[in-house]
Amino acid sequence: MRINSRWCQLGASLIAMIMIANLQYAWTLFVGPLQKGTGWKLSDIQFAFTLFILFQTWVQPLDGWLIDRLGPRGFITAAGVLCGLGWAGMGYADSLPMLYVLYCVAGTGAAFVYSGAIGSALKWFKERRGLASGIMAAGFGGGTALFIPFIQSMISGKGYRATFVATGILQGVVIAVVAQFLRHPPAAPAPAKAESKTVAIVEKKQFTTMEVLRTPQFYVMYVAFVLMATGGLLVTANAGPMAKSWGFSITLAATLSPLANGTARIFWGWASDRLGRENTMILTFALQALCLVAVATLGQRSTAWFAATLVAVYFTWGQIYALFPSTSGDYFGTKHATSNYAVLYTAKGVASIIGGYVGALPFERSGSWAMGFYGSAVMALVAAVLAYGLRTSQATARAKAAKIPVTA
C-alpha cells in the first residue's frame, strides 16, 4: 500500500491515536494507587486529570492552525517526545505540582496527535466524514482496551511508578515512528459547476476559523458539546473511585468500557452518514441521559450491573467525538478542518472541569455520586434539544437555498 494512500494515512493516524488513549482512559487505574502511595486527596489527584484535558483541548486551536499550514509530521513527532516524557515522568512525581506539570506536558503531546489525526481523517475522507472520524476517534476511545490487562498486572506486580515509565516510553516511541508517514492529501482540483446554492456552498465555501466563530451554529454545537462531554468525563475520571466506594472490582468495567467507547464512535459515525448528523445527535444524546440515570440507580447493585451501565454510558457518549468533527466538516468545509474542529474541541476542556474535578467534590462531601449523574443526565437532554434546534435551522436554510439556482 502506498504511503500517500488515504487508507495508509488513516492507519498511521489510528496507531498514533491508540498510543495516546492510555493518557486519558487508563488514568482511573492509577488514581487509587496514587492516593494510597502518596496520601493525597482524591479531588487533588483528579485536578491533574482536569489539567490534562484542558491542555489536551485548549492547545489544539494553535497547533491545529499550524498543522493545517505546515503538515502533521513535525507536530506528531514532537508529540511522541512530549507524551513519552510527560507520562513516564509521572512515575517520578513526588509532589502534586510535579504531577500537574508532567500531566500537562503529556496533554500537550496528546493535543498534537488528536488534532492532527482528526484533521487528517476529515481531509482524506471528505465523502465519508462520519465513518472516518469515527474510526479515528475510536482509536483514542477504545485503544486503551489493548493495554488494560497489562497495566493492571504491572501496577499490581511492580507498582504504579514503574507502569507509568514503561508505558510512557512505549507510547512515545511508537508515536514518533508513525509520525514519519503522515502528510496532507494533495490539493483538490477546482469543483465542477454546482446545481444549487446548497451544493455550491458545500463545494466552494471553506470557512476560516475566524469566519466559523461568527456563525451561530458554532456556538450551538459548542454548548451541546460541553453538555454532552460532561457525563462521560465524570465516569472516565472517577470509575475507579466509584467502584471502590461501592465495593466492586473495576476490572470488568475497565476492560469492556473502552470497547464500547471505541465501537460507539465507529458505529454512530457510520450511522450519521446515513441518518444525518443532527438526527443521530438527538437519538444518542437522549439515550445518554437514560444511561447516566441507570448508573446511579442500577449500577450500585452489583459488579455486573456496574459494568453494564458503564458500558451503556460509553456506547451512548463516545459518538460525540465522531459526530462533532464530521458536523464541523459538513458546516464549515475541510480546508481548515484541523483548526476549526480544534476550536470546537476546546468544549471538552470546559466539560473536564465539571466532570473531572467538580464531579469528585460532591462525593467527598456527601458520600454519594448521584448528584453528578443526575445533573449530567439533564445536561444530555438539553444537548438533545439543541441538536433538534440545529436540525430545524439547517433544514430551513437548505430549503431556502434549494430555490436559488446557481448560474455560470
Side-chain angles (χ1 to χ4, degrees), residues 1-23 60 63-84 109-147 170-189 206 258-259 261-270 272-273 318 321-323 325-326 328-330 333-342 345:
M1 183 180 291
R2 293 180 297 112
I3 290 177
N4 62 347
S5 76
R6 63 180 187 170
W7 289 106
C8 181
Q9 291 297 309
L10 192 74
S13 296
L14 180 61
I15 292 172
M17 286 287 262
I18 290 171
M19 289 298 109
I20 65 169
N22 287 332
L23 276 60
Q60 287 195 35
D63 76 67
W65 184 84
L66 291 170
I67 289 172
D68 270 335
R69 287 152 181 79
L70 303 176
R73 186 184 305 167
F75 288 91
I76 309 301
T77 302
V81 177
L82 294 172
C83 290
F112 291 178
V113 172
Y114 199 99
S115 57
I118 290 290
S120 178
L122 295 175
K123 291 174 186 291
W124 283 96
F125 290 82
K126 295 180 180 180
E127 79 287 359
R128 286 191 284 177
R129 296 187 188 107
L131 176 61
S133 60
I135 292 172
M136 200 57 50
F140 185 60
T144 196
L146 301 173
F147 298 95
L170 172 66
Q171 291 158 184
V173 169
V174 174
I175 291 168
V177 170
V178 299
Q180 310 315 308
F181 298 93
L182 298 176
R183 61 202 66 193
H184 282 331
Q206 301 291 323
L259 297 176
N261 195 2
T263 301
R265 300 174 189 220
I266 298 174
F267 175 77
W268 292 113
W270 168 83
S272 73
D273 286 333
Y321 302 107
L323 296 181
S326 52
S328 176
D330 292 345
T334 58
K335 182 177 180 180
H336 307 287
T338 310
S339 177
N340 292 343
Y341 180 61
Y345 189 68

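Numbers here simply count residues along the sequence, with the first being 1. Just the heavy atoms: all of them, side chains too, but no hydrogens, waters or symmetry mates, feed the values below.
For the residue pair Ala110 and Cys83, the shortest heavy atom distance occurs at N-SG, 3.5 Å. The two residues Gly262 and Ala138 come nearest to each other via the heavy atoms O-CB, 3.2 Å. What you find for Ser328 and Asn340 is that their closest heavy atoms are OG-CB, 4.1 Å.
Considering only heavy atoms from C-beta on, Cys8 comes within 4.5 Å of Ser5 through its side chain. Leu14 is listed as a side-chain neighbour of Ile135, based on a closest heavy-atom distance under 4.5 Å. Side-chain contact between His184 and Pro72: present, with at least one pair of heavy atoms (C-beta onward) separated by less than 4.5 Å. Contact annotation: the side chain of Ser115 approaches that of Ile67 to within less than 4.5 Å [non-hydrogen atoms, C-beta and beyond]. Met17 has its side chain within reach of Val113: a pair of non-hydrogen atoms, C-beta onward, lies under 4.5 Å apart.
With salt bridges taken as basic N to acidic carboxylate O contacts below 4.0 Å, one links Lys123 and Asp68.
By the ring pair (Phe, Tyr, Trp, His ring centres under 6.0 Å) test, Phe112 pairs with Phe75, sequence neighbours left out.
In this structure, Met19 CE and Thr144 OG1 are separated by 10.0 Å, a value rounded to the nearest 0.5 Å. Rounding to the nearest 0.5 angstrom, the gap separating the CD1 atom in Ile15 from the CG atom in Leu10 is 10.5 Å. Here Arg265 contributes atom CZ and Phe140 contributes atom CZ; the two are 7.0 Å apart, rounded to the nearest 0.5 Å. In this structure, OH in Tyr341 is found 4.0 Å from OH in Tyr114, a value given to the nearest 0.5 Å. Taken to the nearest 0.5 Å, the CD atom of Gln9 stands 5.0 Å off from the CH2 atom of Trp124. In this structure, CZ on Arg183 lies 11.0 Å from OG on Ser120, to the nearest 0.5 angstrom.
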Check against side chain to side chain contact (heavy atoms under 4.5 Å, CB included), Ile76 and Gln180
CA-CA 8 Å; Ile76 309 301; Gln180 310 315 308; over 6 Å; no
Does Ile20 form a side chain to side chain contact (heavy atoms under 4.5 Å, CB included) with Ile175? I'd like the steps, not just the answer.
CA-CA 8 Å; Ile20 65 169; Ile175 291 168; 3.7 Å; yes
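Ring geometry for Phe125 versus Trp7: interplanar angle over 60°, hence perpendicular rather than tilted (30 to 60°).
Distance alone, capped at 3.5 Å, places no donor-acceptor pair between the Gln206 side chain and the His336 backbone. The backbone N or O of Gly64 lies less than 3.5 Å from no partner atom in the side chain of Thr338, so there is not a single donor-acceptor pair. Looking only at distances, a side-chain donor or acceptor of Asp273 sits under 3.5 Å from a matching main-chain atom of Leu131.
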